Trainee: 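Handing you this structure, nothing more for now.
Remember, it's a predicted structure, so these values are computed and weren't measured experimentally. Numbered from 1 within each chain, the chains take letters A, B, ... in sequence-line order.
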Amino acid sequence: MVTEIEKKWQKKWQDSKIFESNPDNREKMYITVAFPYPSGAMHIGHGRTYTVPDVYARFKRMQGFNVLFPMAWHVTGAPVVGIAKRIERQDPWTLDIYKNVHRVPDDELQKFTDPEYIVKYFSSEYHDDMTNMGYSIDWRREFRTIDPHYKQFIRWQIRQLKDKDLIHKGSHPVKYCPDDDNPVGDHDLLEGEGVGINELTLIKFPIADSFLVAATFRPETLYGATNFWLNPEAEYVKVDYEGEKWIISKKSFSNIIHQKESMKIIEDVNPNDFIGDYVLNPMNGTKLPIFPASFVDPDYATGVVFSVPAHAPADYIALEDLKNNAELIAKYDLQEQIDNIQLISLVNLKGYSEYPAIDFIKQYNVTSQEDKNLKEATNEIYKLEHAKGIMNENTGDFEGKRVADVRGEVIEKFINENIADKLYEFAEKPVKCRCGAMCVVKELHDQWFVKYSDKDWTNRTYECLEQLEVVPKEIRSNFEYYLDWLEDWACSRRLGLGTHMPWDEKWLIEPLTDSTIYMSYYTIAKYMNQINPEDLNDAFFNKVFLNQEGANDGSVNQIDEGLTKQIQEEFQYWYPLNWRLSAKDLVGNHLSFHMFHHAAIFPQKYWPKGITVFGMGLLEGQKMSSSKGNVILLSEAIDKYGADTVRLFLMSSAEPWQDFDWRETEVNGIQRRLEAIGQFAQKVEDITGQKVELTVENEVPNVEKSINKWIISQVNKNIGVATEALEGFQTRKALQSSLFLFRKDVDHYLNRITQVSDEEKDTLNYIVNVWIRLLAPFIPYTTEEIWDQYNNDEILMSELSWPQMDESVVDEKIEKAEEMIQDLAKDIKEVIKITKTTPETIHIYTAPKWKYDVYEIAQEVGKPNVGEIIKKSMQANLCDNKKELSKFATKAGKTFNKINYVGQIDEVAIITDALGYLESEVGAKIVVYDEPTYDPQNKSSNASPYKPAIYLE
RNA sequence: GCAGGGGUGCCCGAGCUGGCCAAAGGGGGUGGACUUAAGAUCCUCUGGCGUAGGCCUACGUGGGUUCGAAUCCCAUCUCCUGCACCA
């Protein structure tokens, strides 16, 4: 049944074309959200991402803006290619995820061996889900990033950057699967997700005609090298690399070959032949003896290690192990060499001895080189020396400098002297591809880079950042940081779907690079079906986007002049983009690129005006993740709860940039609330006994009674808060006032009114009229349905105007009056409870005017200055009873700041007005006095403004 | 390590330009009304004490500023997120 209502409105929206936006004379509002990469089904986390802009779009539309909210599909990239391959070889994990998490039927799953089919399947599913969620999208502008028209646009974009000299050639390391012969992303890994790639320094130690090549994170420690380690159990090889002969472990060769392709094995060598021999420290020619060590991992880096026992716990403990191993010493005849080893300190570390490695071994209780604690001790000393270490007198020119500052210099120096090289290695191992093979670090050469490091460009992008709004504002500092930090970005790929580099066809344009300025493409996308993609040349795009004639490549616009003009005008109408919405984790790449590319290509007037970021989604407190199966599909949520409930929950449980948590009990709570709203108009009819009449115009009714004034004041206050909140994308805050607090006020009002006259009828009708408007952006189906039921106009709810706050009916005194009534009822009940009595009559004494006058004085004084308040009160001669006056003035001085003083109100009239309500609340007869004509216990002196005295009898 | 953001009552979370704050709202729980019953709905309570509307203890911990601090300052403990070539 719910579905039928939803379908009905979807059709009406579609037929009326109210979400198809064309330029007109209204003010425009252009909003986009990161288009999805449809490699899986849409879940409730995605649902939040796309509901936020829809709510904003609907809100702005009601405010009278011409809103454009388009959608497209980002299908370029490598992941689907990997998925297709895995489906093809019937990878059980992949099949399971797609069957049971993404709910793909078997007959469809079979077709998933084609990556293009995967994105086609899911983008069409996304489209349906978005329609079912009621998104007010202009679907005429829908496209996929592999459409030929779009590809032309991307070629234009990349040529723009190239022409501005912002694209250049270079090389960089990637995770790589040797079996697949392809780079792999984190999602393609079986093991080693999130593992980083570290840069190590290789140091070449001469030995005879060759070099033993050791890898290190701490090249500066070469000053403290005392000996050398090889693993006698491992296999080693001699290789030729650029004319030099290197000795490294056999296992490491198969890694290194992916970075140093010209390397060739000459022959196997036996590590035992080297043990006991010497290498030379390339820096100073010192002879370093070669010792055996089991901790040396032949799989890591080069399988060759130089030893710095003063600063490396592993080296120290290995040396100790060796000293205690008479058998090994005898085997290699190492006694004399061991006796000659002298520890060399090279870093001063405050709080530690000359040889910090020894301190750390003690501190971490490391007993041998096989000890588990060794790794931790090593990590700690590395970190500490890097952060706080100072190079000492053994390090020549570097003495007195900080380790952190020196390392880069050392690397540069060694490389210049040709005693060092570099090597990339995983921070952790193993890193295993889904195909089962071990991944390696590969260095890709001839790569194309976007020059985000360019100073001028970065500065221009800063200007772009400065002129736009960031929601939430705390994120701005992140952007400032990232714009500076961004290095050159590898923008070409070998694998995946996408657009080829126009000048170097073997490369594809990387998928983040092809989605930086596509917001401009939406503005022209609806015309593309009239145009042949080949005709979309640089001259055309230059004209439309930059209003320039001709192009660098000599092309001439082939498209009809009139059409070109129309397209250009449409672009100029919608641009610049008002709001860009995207996930929090895209701050450092996509959103920054978005600014960079706009700053580079477009004139300042077309730079984006605002950015809003999203938080993550949790499911019952756990992180949502498709790959772990911890998700609820949006389509299933809609089936179970209905789109409006899903929307309402997603928008009310957290602000967009915060993490939301889908908890079933809370979703149920929201659903019940939604039902109550759906029935509210009916409830009002039951109360008033007449038909609710909703009208396009919605005037504030004229009322006399305090309680009616009160609810009208509250309603308008809520309008104000909700409006301001929505302007800043605070959907939760907006709902807090337009749903939860609004409802609390209405409930209170219904509870409070003791009769229903015309005033109340008008007021209730007004409330319904405002309420559905405030909620319309959040729950479009429900509000359309209510509107349809209670009005006769030929206009859709979605076309109605947003309610305006009428400040003239927001009145603090009215609020204070109601607050007084509530406090009074509460106080009476409390006194009854404490005294355990059942009074028959309750006498209420209001504060005399002079007490208000004291408050006026207290307000004038401002500070809680009791003396001053008494003095002024006395001078003004407010009361004949001086003792009373000073007593009350003292009290006023102490408590005034706890009271929100809004001026004098007619307490007797207000209480009299609410007499029926108060009596039913407290269950006794109430008599209210202006003057204390009957006051046996002299309670009336307790009365303060807003706080009448009470006497129970 | 670098950068950014937090720690509030049973849970989630607002407040944080100092005083209307024992601290919104939701969820959960409690008692009551309605109902044959269940569910839904509505009302009360949900830090402690109290025979007159009050008092005490509280917003990670320890100090400080102030007539007054969840809110400002300092220190400290602790948690989360990002650190890329990938969507």
Trainee: Walk along nucleotides 6-12 of chain B from 5' to 3' and tag each nucleotide B, S or - by protein heavy-atom contact under 4.0 Å, base first, then sugar-phosphate.
Mentor: -------
Trainee: What's the gap between B:A24 and B:G68 when it is taken at their C1' atoms, as a whole Å value?
Mentor: 22 Å
Trainee: Report the relative orientation of the aromatic rings in A:F593 and A:Y452; use parallel for angles under 30°, tilted for 30 to 60°, perpendicular for over 60°.
Mentor: parallel
Trainee: So with a 6.0 Å cut-off around CD of A:E724, is the heavy-atom count from everything else above 12?
Mentor: no
Trainee: Which label fits A:Y855 and A:F896: parallel for a plane angle under 30°, tilted from 30 to 60°, or perpendicular past 60°?
Mentor: perpendicular
Trainee: Within the structure, does a side-chain N or O atom of A:K898 lie under 4.0 Å from either OP1 or OP2 of B:G19?
Mentor: no
Trainee: So what does A:H74 hit on the nucleic acid, given a heavy-atom distance under 4.0 Å: a base, only sugar-phosphate, or nothing?
Mentor: sugar-phosphate
Trainee: Please tabulate, one pair per line, each protein N/O and nucleotide N/O from nucleotides 32-34 of chain B that are separated by under 3.5 Å, including the distance.
Mentor:
none

Trainee: 5'-most contact on RNA chain B: A:G669 or A:R672, nearest heavy atom basis?
Mentor: A:G669
Trainee: A:W507 ring centre to A:R494 NZ or CZ under 6.0 Å, with the angle to the axis within 45°?
Mentor: yes
Trainee: Could you state the NZ-C1' distance from A:K717 to B:A24, rounded to the nearest angstrom?
Mentor: 12 Å
Trainee: In whole angstrom, what separates A:H590's NE2 from B:G82's P?
Mentor: 18 Å
Trainee: Heavy atoms under 4.0 Å, any strand shown: does A:I670 hit a base, just sugar-phosphate, or nothing?
Mentor: nothing
Trainee: Hey, is the side chain of A:R673 poking within less than 4.0 Å of OP1 or OP2 on B:G26, counting only N and O atoms?
Mentor: yes
Trainee: Within this structure, what is the CD-to-C1' distance between A:E510 and B:A84, rounded to whole angstrom?
Mentor: 10 Å
Trainee: Both A:K833 and A:S477 contact RNA chain B. Which one's nearest nucleotide lies toward the 5' end?
Mentor: A:S477
Trainee: Out of A:I844, A:I842, A:I926, which one pairs with A:L824 under the side chain to side chain contact (heavy atoms under 4.5 Å, CB included) rule?
Mentor: A:I844
Trainee: Taking any heavy-atom pair under 4.0 Å as a contact, classify A:G77: base, sugar-phosphate, or nothing.
Mentor: sugar-phosphate
Trainee: Who are the side chain to side chain contact (heavy atoms under 4.5 Å, CB included) partners of A:A949, not counting sequence neighbours?
Mentor: A:Y845, A:N942, A:A943
Trainee: Does any part of the side chain of A:Y37, heavy atoms only, come nearer than 4.5 Å to the side chain of A:V80, both counted from C-beta?
Mentor: yes
Trainee: Can you measure A:L735 atom CG to B:G13 atom P for me and round it to whole angstrom units?
Mentor: 17 Å
Trainee: Considering every strand and a 4.0 Å limit on heavy-atom distances, what is the contact class for A:D747: base, sugar-phosphate, or nothing?
Mentor: sugar-phosphate
Trainee: Give A:I475 one of three labels, base, sugar-phosphate or nothing, depending on what nucleic acid heavy atoms sit under 4.0 Å from its own.
Mentor: nothing
Trainee: Do the numbers put A:R647 on top of the ring of A:F778, so that NZ or CZ is under 6.0 Å from the six-membered ring centre and no more than 45° off the axis?
Mentor: no
Trainee: Give the dot-bracket string for RNA chain B, reading 5' to 3', where a pair is Watson-Crick or G-U wobble with both distances under 3.5 Å, ( ) marks pairs inside the strand, [ ] marks pairs crossing earlier ones, | marks a partner on another strand, and . marks unpaired.
Mentor: ((((((((.[[[..)...(.....]]]((.(((.......))).))(((....)))...[[[[[..)....]]]]])))))))....
Trainee: So, A:E655 and A:R732, do they make that salt bridge, N to O below 4.0 Å?
Mentor: no
Trainee: Does a side-chain N or O from A:Q658 land closer than 4.0 Å to OP1 or OP2 of B:A14, or not?
Mentor: yes
Trainee: In whole angstrom, what separates A:W657's CH2 from B:G5's P?
Mentor: 15 Å
Trainee: Here's a test for you: under side chain to side chain donor-acceptor pair (under 3.5 Å), which of A:R752, A:Q822, A:K829 qualifies with A:E921?
Mentor: A:K829
Trainee: For RNA chain B, determine which residues of residues 612-625 of chain A have any heavy atom closer than 4.0 angstrom to one of its atoms, and list them numerically.
Mentor: A:K623
Trainee: Using whole Å, report how far CD of A:E818 lies from P of B:C20.
Mentor: 21 Å
Trainee: Please report the distance, rounded to the nearest Å, between CD1 in A:I118 and C1' in B:A87.
Mentor: 15 Å
Trainee: What pairs of nitrogen or oxygen atoms, one from the protein and one from nucleotides 51-54 of chain B, lie under 3.5 Å apart?
Mentor:
from, atom 1, to, atom 2, distance (Å)
B:U51, O4', A:I834, O, 3.1
B:A52, N6, A:L952, N, 3.4
B:A52, N1, A:I950, O, 3.1
B:G53, O2', A:D827, OD1, 3.0
B:G53, O6, A:I950, N, 3.3
B:G53, N1, A:P948, O, 3.0
B:G53, N2, A:D827, OD2, 3.0
B:G53, N2, A:P948, O, 3.1
B:G53, N3, A:D827, OD2, 3.2

Trainee: Whole-Å distance between B:G4 P and A:D484 CG?
Mentor: 13 Å
Trainee: Are A:D661 and A:R663 close enough for a salt bridge, meaning some N to O gap below 4.0 Å?
Mentor: yes
Trainee: Would one find a side-chain N or O of A:K744 under 4.0 angstrom from OP1 or OP2 of B:G25?
Mentor: yes
Trainee: Between B:G31 and B:U46, how far apart are the C1' atoms? Round to whole Å, please.
Mentor: 11 Å
Trainee: Is the closest basic N to carboxylate O distance between A:E819 and A:K816 below 4.0 Å?
Mentor: yes
